[in-house]
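Below: the structure, in structure tokens.
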2 protein chains.
Amino acid sequence: MYEVIPAVANPPRHQDEHVIYRQYLDAVGLQGLASAEAAGLHTSEWYALSLITFRGGLSSGELATRTGLTTGATTRLIDRLEKAGFARRAADPRDRRRVIVEPVPDALDRIESVVGPARRHLAEVLAHYTPEQREVLFDYFARAAPAFRAATEEIRASTTDSRRRPGRKP
Amino acid sequence: MYEVIPAVANPPRHQDEHVIYRQYLDAVGLQGLASAEAAGLHTSEWYALSLITFRGGLSSGELATRTGLTTGATTRLIDRLEKAGFARRAADPRDRRRVIVEPVPDALDRIESVVGPARRHLAEVLAHYTPEQREVLFDYFARAAPAFRAATEEIRASTTDSRRRPGRKP
DNA sequence: AGCAGTATCTGCATCCATGCAGCTAAATGT
DNA sequence: ACATTTAGCTGCATGGATGCAGATACTGCT
């Protein structure tokens, strides 16, 4: 993550930070996974829901592109999200072929209510910083989010080869 | 997450922080997901690998408990991790029935090398804080990780009912 | 030694997400 | 008007993860 920084000085602290950060990211990731599962969402559904929530709405095709699924699979994915009440389809007035997938706010809150209680641990952690320190933390959160999104895009872009589905036959 | 704090004063900033934090967590989660996929890992595999990596090694049974899978499914899971080179089985000298699953360090580094480049975005973000500010940030990372792990456990514990596999029938 | 309990593995069946290919509706270009 | 392209949906087939139940190997107790 930041071994990019000139390695000239590589004091023990550096290594510590690396490990700490890695474990932190891992912990956040697992918590997200558990949350998704608690909401009854599979990975791709959670991923898709995040995307449409962040953008406020996405067309089926855009979603297909972003997730890397075929349009057919995406249709099914939207079906599932819709059935579970997390998203709904809306018509695009500009282009009547298109389908805009929107998040359903109530359902999102529903997730939050499932996950919220457990997150009091986080609240406790955040609570014991001074206002100035919180300032720093939230500055980081605000800056890091786009950075993570950029990293995600790069990682996904490089994963078109998908070692997981090797030429499965003609 | 921290709406637990007395809601008496609920200034706009509060709401902002909430949104910022949520989007941040989401971004981190998606990045993790993308990383896992880039490494050719499915959700449960990634989850399991994180667990054994954090603990340095876990028995098959413990892994089954933690993941919520049956022992049979866990065997298969370990098979896949082993085949992919991310973990290996080791004998427990104390109890020869048991199998200890250990992470393979090289494979972990392999993941890091796939994901690392994209994370330079994060490095850039972290780089522009002063040492004092970094101190605060890493203090948070170190404290938040266990908090997330605790939250994860609670969430999973409450998800035994799994609305996803409704009485599927004899 | 024998017996009960425990840890893991294996065979079988099932479920479900996904790819693929063809289809219809709508937009766009000539 | 007609042809072409684009967006999304549906039928069919496949693969892979998982549960379940029984098999096997080992431990610990008596």
Side-chain angles (χ1 to χ4, degrees), chain A residues 33 36-37 40-49 52 57-84 87-102 159-170, chain B residues 33 36-37 40-49 52 57-84 87-102 159-170:
Chain A
L33 233 49
E37 193 184 329
L41 290 170
H42 282 195
T43 307
S44 48
E45 294 154 0
W46 181 43
Y47 192 88
L49 188 57
I52 67 176
L58 232 53
S59 77
S60 179
E62 287 173 314
L63 192 54
T65 306
R66 297 272 187 168
T67 55
L69 296 173
T70 59
T71 59
T74 303
T75 297
R76 281 7 179 312
L77 172 62
I78 299 171
D79 288 346
R80 295 194 299 271
L81 283 176
E82 201 165 38
K83 182 144 102 180
R88 72 172 95 98
R89 282 179 231 244
D92 181 341
R94 307 282 182 187
D95 185 338
R96 285 164 46 205
R97 292 169 305 176
R98 304 182 93 205
V99 165
I100 305 292
V101 190
E102 301 172 332
T159 317
T160 320
D161 47 319
S162 205
R163 74 171 59 49
R164 199 73 204 223
R165 306 174 175 68
R168 195 171 292 150
K169 123 56 266 211
Chain B
L33 231 51
E37 193 183 328
L41 290 170
H42 283 195
T43 308
S44 47
E45 294 155 359
W46 182 42
Y47 192 89
L49 188 56
I52 66 175
L58 231 52
S59 77
S60 178
E62 288 174 313
L63 192 55
T65 305
R66 298 273 187 167
T67 55
L69 295 173
T70 59
T71 59
T74 304
T75 297
R76 279 13 178 307
L77 172 63
I78 298 171
D79 289 347
R80 295 194 298 273
L81 282 176
E82 201 166 37
K83 183 144 101 179
R88 71 171 96 98
R89 283 179 232 245
D92 182 341
R94 308 279 182 190
D95 185 339
R96 283 163 49 204
R97 292 168 303 179
R98 305 182 91 206
V99 166
I100 306 292
V101 191
E102 302 172 331
T159 317
T160 321
D161 47 317
S162 207
R163 74 169 61 50
R164 201 69 203 226
R165 306 174 176 71
R168 194 170 290 146
K169 205 305 17 200

When you check the phosphate oxygens OP1 and OP2 of [N], does a side-chain N or O of [X] lie under 4.0 Å from one of them?
X	N	answer
Thr70(B)	dC20(D)	no
Arg97(B)	dT8(C)	no
Arg89(A)	dC9(D)	yes
Arg80(A)	dT18(C)	yes
Ser44(A)	dT18(C)	yes

[X] near the nucleic acid: base, sugar-phosphate alone, or nothing, with a heavy-atom cut-off under 4.0 Å?
X	value
Thr74(B)	nothing
Gly61(B)	sugar-phosphate
Ser59(B)	sugar-phosphate
Ser60(A)	sugar-phosphate
Leu69(A)	sugar-phosphate

[X] [atom1] - [N] [atom2] separation (whole Å):
X	N	atom1	atom2	value
Leu58(A)	dA7(D)	CG	P	13 Å
Asp92(B)	dC26(D)	CG	P	13 Å
Asp79(A)	dC16(C)	CG	C1'	14 Å
Arg76(B)	dC12(C)	CZ	P	11 Å
Arg94(B)	dT6(C)	CZ	C1'	18 Å
Leu63(B)	dA7(C)	CG	P	14 Å
Arg96(B)	dG28(D)	CZ	C1'	14 Å
Ile100(B)	dC9(C)	CD1	C1'	16 Å

Side-chain touch Glu102(A)/Ile52(A), heavy atoms, less than 4.5 angstrom: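 No; the side chains remain at least 4.5 Å from each other.
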Minimum side-chain heavy-atom gap Leu69(A)-Leu63(A) below 4.5 Å: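 The answer is no, as the side chains (C-beta and beyond) never meet within the 4.5 Å cut-off.
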First of Asp95(A) and Gly72(A) reached from the 5' end of DNA chain C, by closest nucleotide: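 Closer to the 5' end of DNA chain C: Gly72(A).
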Contact nearer the 5' end of DNA chain C, comparing Ala73(B) with Thr71(A):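 Closest to the 5' end, via its nearest nucleotide, is Ala73(B).
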Side chain of [X] only, heavy atoms from C-beta on: which candidate in [options] is closest?
X	options	answer
Arg98(B)	dT18(C), dC9(C), dA7(C)	dA7(C)
His42(A)	dC26(D), dC9(C), dA17(C)	dA17(C)
Glu45(B)	dC9(D), dA17(C), dA17(D)	dA17(D)

Please give me the minimum heavy-atom distance between [X] and [Y], naming the atom from each residue.
X	Y	value
Ser60(A)	Val101(A)	N-CG2, 4.4 Å
Arg80(B)	Ser44(B)	NH2-OG, 4.2 Å
Arg89(A)	Thr75(A)	NH2-O, 3.8 Å

Side chain to side chain donor-acceptor pair (under 3.5 Å) contacts in which one or both residues fall within residues 62-74 of chain B, not counting sequence neighbours: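 Sorted pair list: Ser59(B)-Glu62(B).
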